[in-house]
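Written below as structure tokens is the structure these notes are about.
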Amino acid sequence: MKHIANPWVHSLGTYEPGRPIEEVARELGFENIEEVVKIASNENSLGPSPKAVEAMIRSAPRMHLYPDGGAFYLRRALAERLRVHMDEILVGNGSNEIIELMGHVFLQPGSNIVMADRAFVVYKLITAAMQAQTISVPMTNYTHDLDAMLEAITPETRIVFVANPNNPTGTMVNGAELDRFMARVPDHVVVALDEAYIELLPPSQQPDTLKYVRQGRHVYVLRTFSKTYGLAGLRVGYAVASRHGIELLHRVRQPFNVNAMALEAARAALEDEAYVERTRKMVREGLEQLAGAFDEMKLEYVPSVANFILVKVGRGREVFEALQRRKVIVRPMDGYGLPDHVRVTVGLKQENERFLQGLRAILAERGGA
Ligand SMILES: Cc1ncc(COP(=O)(O)O)c(C=O)c1O
């Protein structure tokens, strides 16, 4: 069928996700998958909020029915919490889907996006699928260089993506920097502020980005239930934007883009503040544990505000593979132009320890080789 496909499809790259536990176990012949630690996709090691699990169980007998395609109750709960109007929210199949919807709405051959060279790779994959160009702007100290990104904007630019905090670097720009940036973004461009990890920060440290929506700026704030809310498997994310901006996304979405169980679970998770607090505590303590160990091991790392950390181990893919053989899955970073790093998700204390033990052993073997 190759010759029937659109010619540009052949040159598209594919996303390399964190490897599923089952796949690694099958490949390496591990019998007990419980022993495999996956700290590769910035998931929440606490498991889902118990309230979300209850909501899923409660909703199971109704799964013969299509979901509410308008996600009314979840949008209403989000609108109350965020103090925006329901019509300023769109729910998606993970925030990844919303990135794709933005591509459908704003990109075409000849247009481009601006992003940081080490920001979330999905932006450029979707841009390529829309036959548009990606302008990659080098980061400074592993952080978005917003001034350089502004300078990179051309008349053909349609979207500027800012991941804040950024994956895979774990760095963030502050509210004042964003204000200066937003004030200078030209009118022919929309800004996607991807805040997949923002709820990991205490509310006092989260920049107020919804004010840009209230001010009627060309902005989409993207959030997800996959990280802080522990529901990556269900696929729920959302966008906050002006009514008009949301209306554009509705035009290109599938009628039932988010499943009914996911809608119920997300609404329950949103109410579970104790769970969010436990998550923040696990991440705070885990970051200290990992950074402390890296200091002792004299490994360079990028200080992170998110639930993962980028560490320079030298020949990262080799370390990733050796860790896999020790039943620990992390993420190699060559795809991000960082072949000497791996990215490790902050897990439970014992998961972090399994990773550190493995890493110490691998580096010691290498030192002795
Ligand atoms: C910066 C960033 N944005 C968006 C996503 C997508 O999240 P989801 O599609 O699970 O909502 C991720 C997931 O890793 C991410 O790191």
Side-chain angles (χ1 to χ4, degrees), residues 14-20 38-45 48 52 71 74 78 89-103 113 115-127 134 136 139 142-144 159-173 191-201 206-207 209 220-240 249 253-254 257-259 262-263 265-266 269-270 279 283 302 304-310 329-333 335-336 338 343-347:
T14 47
Y15 182 68
E16 183 188 1
R19 297 197 68 199
K38 182 186 178 205
I39 39 179
S41 300
N42 307 338
E43 293 145 332
N44 189 330
S45 280
L74 179 57
L78 284 166
I89 298 173
L90 174 124
V91 180
N93 201 269
S95 46
N96 264 315
E97 187 199 12
I98 302 175
I99 298 167
E100 181 173 356
L101 298 180
M102 291 186 69
I113 67 147
M115 66 179 281
D117 60 347
R118 279 155 192 166
F120 190 43
V121 72
V122 167
Y123 310 145
K124 65 175 149 196
L125 296 180
I126 285 180
T127 301
T134 293
S136 282
M139 289 189 143
Y142 296 96
T143 308
H144 280 80
I159 312 174
V160 179
F161 283 97
V162 179
N164 206 41
N166 180 50
N167 172 19
T169 58
T171 54
M172 138 169 225
V173 291
V191 178
L193 292 175
D194 182 347
E195 298 187 332
Y197 301 93
I198 202 72
E199 299 93 346
L200 291 170
L201 289 139
Q206 299 175 13
T209 47
Y220 289 85
V221 177
L222 308 184
R223 300 215 179 139
T224 180
F225 283 89
S226 298
K227 313 294 179 183
T228 313
Y229 291 101
L231 297 178
L234 287 179
R235 315 301 302 123
V236 199
Y238 63 94
V240 187
L249 299 183
R253 78 166 170 88
Q254 293 276 329
N257 59 333
V258 184
N259 74 72
L263 291 172
L270 198 59
T279 299
V283 172
V302 183
S304 170
V305 298
N307 66 340
F308 52 86
I309 186 161
L310 196 56
I329 313 173
V330 298
R331 198 71 159 263
M333 284 285 114
Y336 281 92
L338 296 164
R343 190 197 66 195
V344 57
T345 300
V346 178

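Being a predicted model, the structure only gives us computed values, none of them experimental. Just follow the structure's listing: the first ligand is 1, and inside any ligand the first atom is 1.
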Residues pairing under salt bridge (Lys or Arg N to Asp or Glu O under 4.0 Å) where one sits in residues 228-238, two or more places apart or in two chains, turn out to be none
Atoms in ligand 1 with a heavy atom of [X] nearer than 4.0 Å:
X      : answer
Ser226 : 8 (P), 10 (O), 11 (O)
Gly94  : 8 (P), 9 (O), 11 (O)
Asn167 : 1 (C), 14 (O), 15 (C), 16 (O)

Any donor-acceptor N or O pair under 3.5 Å, side chains Arg253, Asn93
no
Which residue holds the protein heavy atom closest to [atom], what is that atom called, and what is the gap in Å?
atom                    : result
atom 14 (O) of ligand 1 : Lys227 NZ, 2.9 Å
atom 6 (C) of ligand 1  : Ser95 OG, 3.4 Å
atom 9 (O) of ligand 1  : Arg235 NH2, 2.8 Å

In short, Asn259 meets Ala262 closest at the heavy-atom pair OD1-N, 2.8 Å
Using a 3.5 Å cut-off on N or O atoms only, is Thr224 in polar contact with ligand 1? yes
Examine Asn93 against ligand 1 and note whether any of their N/O atoms are separated by less than 3.5 Å.
no
Checklist line | Audit row: Leu249, Ile98, side chain to side chain contact (heavy atoms under 4.5 Å, CB included) steps and yes/no | finding: CA-CA 8 Å; Leu249 299 183; Ile98 302 175; 4.0 Å; yes
What's the verdict on side chain to side chain donor-acceptor pair (under 3.5 Å) for Asn42 and Arg331, showing C-alpha distance, side-chain angles and the deciding distance?
CA-CA 10 Å; Asn42 307 338; Arg331 198 71 159 263; over 6 Å; no
Filtering Tyr197, Phe120, Phe225 for the heavy atom nearest atom 16 (O) of ligand 1 leaves Tyr197
Only residue of Thr228, Asn307, Thr279 satisfying side-chain hydrogen bond (donor to acceptor under 3.5 Å, both in side chains) with Asn44 is Thr279
Notebook entry, point to check: When the ring planes of Tyr229 and Phe225 are compared, do they come out parallel, tilted or perpendicular, using 30° and 60° as the limits?
Noted result: tilted
| query | Any heavy atom of Glu97 sitting closer than 4.0 Å to ligand 1? | reply | no
Honestly, for Asp194 the part within reach of ligand 1 (heavy atoms, under 4.0 Å) is side chain
| request: For Leu310 and Tyr142, run side chain to side chain contact (heavy atoms under 4.5 Å, CB included): C-alpha distance rounded to whole Å, both residues' side-chain angles, the deciding distance at 0.1 Å, then the answer. | output: CA-CA 10 Å; Leu310 196 56; Tyr142 296 96; 4.3 Å; yes
